[in-house]
Amino acid sequence: MNKDDKKLEFALAKENYKLLLIGFAIIIIGFMLMMGGGSEDPTVFDEDIFSFRRITLAPMVVLFGFAFEIYAIMKRPKEK
């Protein structure tokens, strides 16, 4: 067996790794959308923690990111 015949092959293709990084960035953006809304004074209640962005939008973005990660792992590389 020649050295040329014996290639180092990764489990996923280069395209899959790019998609994994994109999915990871989507998840990070979702968690960043959940941040904030705290109060400086712990005795004062702030309604801002129940905003649409934190309760609805951010979890949907995170779930989309995880679904995108599954797609990135399962996607078959193109044949040469």
Side-chain angles (χ1 to χ4, degrees):
M1 212 180 224
N2 294 341
K3 289 184 179 181
D4 295 333
D5 294 339
K6 201 175 191 183
K7 284 185 175 179
L8 176 66
E9 293 186 25
F10 291 103
L12 300 174
K14 187 176 182 180
E15 182 182 2
N16 295 80
Y17 288 112
K18 288 179 184 178
L19 292 174
L20 282 169
L21 287 174
I22 292 169
F24 183 68
I26 293 171
I27 293 169
I28 294 299
I29 289 169
F31 279 111
M32 288 174 62
L33 287 172
M34 286 187 214
M35 289 188 336
S39 177
E40 296 296 325
D41 185 10
T43 61
V44 177
F45 181 73
D46 188 12
E47 285 285 330
D48 198 29
I49 62 171
F50 297 114
S51 68
F52 169 79
R53 185 186 79 189
R54 290 184 183 92
I55 298 297
T56 307
L57 181 64
M60 288 184 354
V61 170
V62 170
L63 287 176
F64 175 74
F66 281 119
F68 194 84
E69 290 284 326
I70 292 170
Y71 168 75
I73 293 170
M74 300 301 269
K75 184 178 183 323
R76 287 193 171 181
K78 294 179 182 177
E79 296 292 326
K80 291 184 179 178

Is [Y] reachable from [X] through a run of I, L, V, M, F, W or Y residues, each pair having side-chain heavy atoms under 4.5 Å apart?
| X | Y | value |
| --- | --- | --- |
| L33 | I22 | yes |
| M74 | L21 | no |
| I49 | L57 | no |
| F64 | F52 | yes |

inquiry  = Is it true that, when you exclude K18 itself, more than 12 heavy atoms of the residues, nucleotides or ligands shown sit nearer than 6.0 Å to its NZ?
reply    = no

request  = Report the residues that fulfil side-chain contact (heavy atoms from CB on, under 4.5 Å) with L20, sequence neighbours left out, ordered by chain and then residue number.
outcome  = L12, Y17, E69, A72, I73

side-chain contact (heavy atoms from CB on, under 4.5 Å) involving L63 - partner list, sequence neighbours excluded = none

key: Any side-chain heavy-atom pair of K75 and Y71 under 4.5 Å   = yes

request  = For the residue pair I28 and F24, establish whether any side-chain heavy-atom pair is separated by less than 4.5 Å.
outcome  = yes

query = Is it true that a side-chain atom of R54 and a backbone atom of M35 form a donor plus acceptor pair closer than 3.5 Å?
reply = yes

Minimum-distance pair of heavy atoms, taken over all atoms of [X] and [Y]:
| X | Y | answer |
| --- | --- | --- |
| L19 | F68 | O-CE2, 3.3 Å |
| G30 | A58 | O-CB, 3.4 Å |
| M34 | V62 | CE-CG2, 3.8 Å |

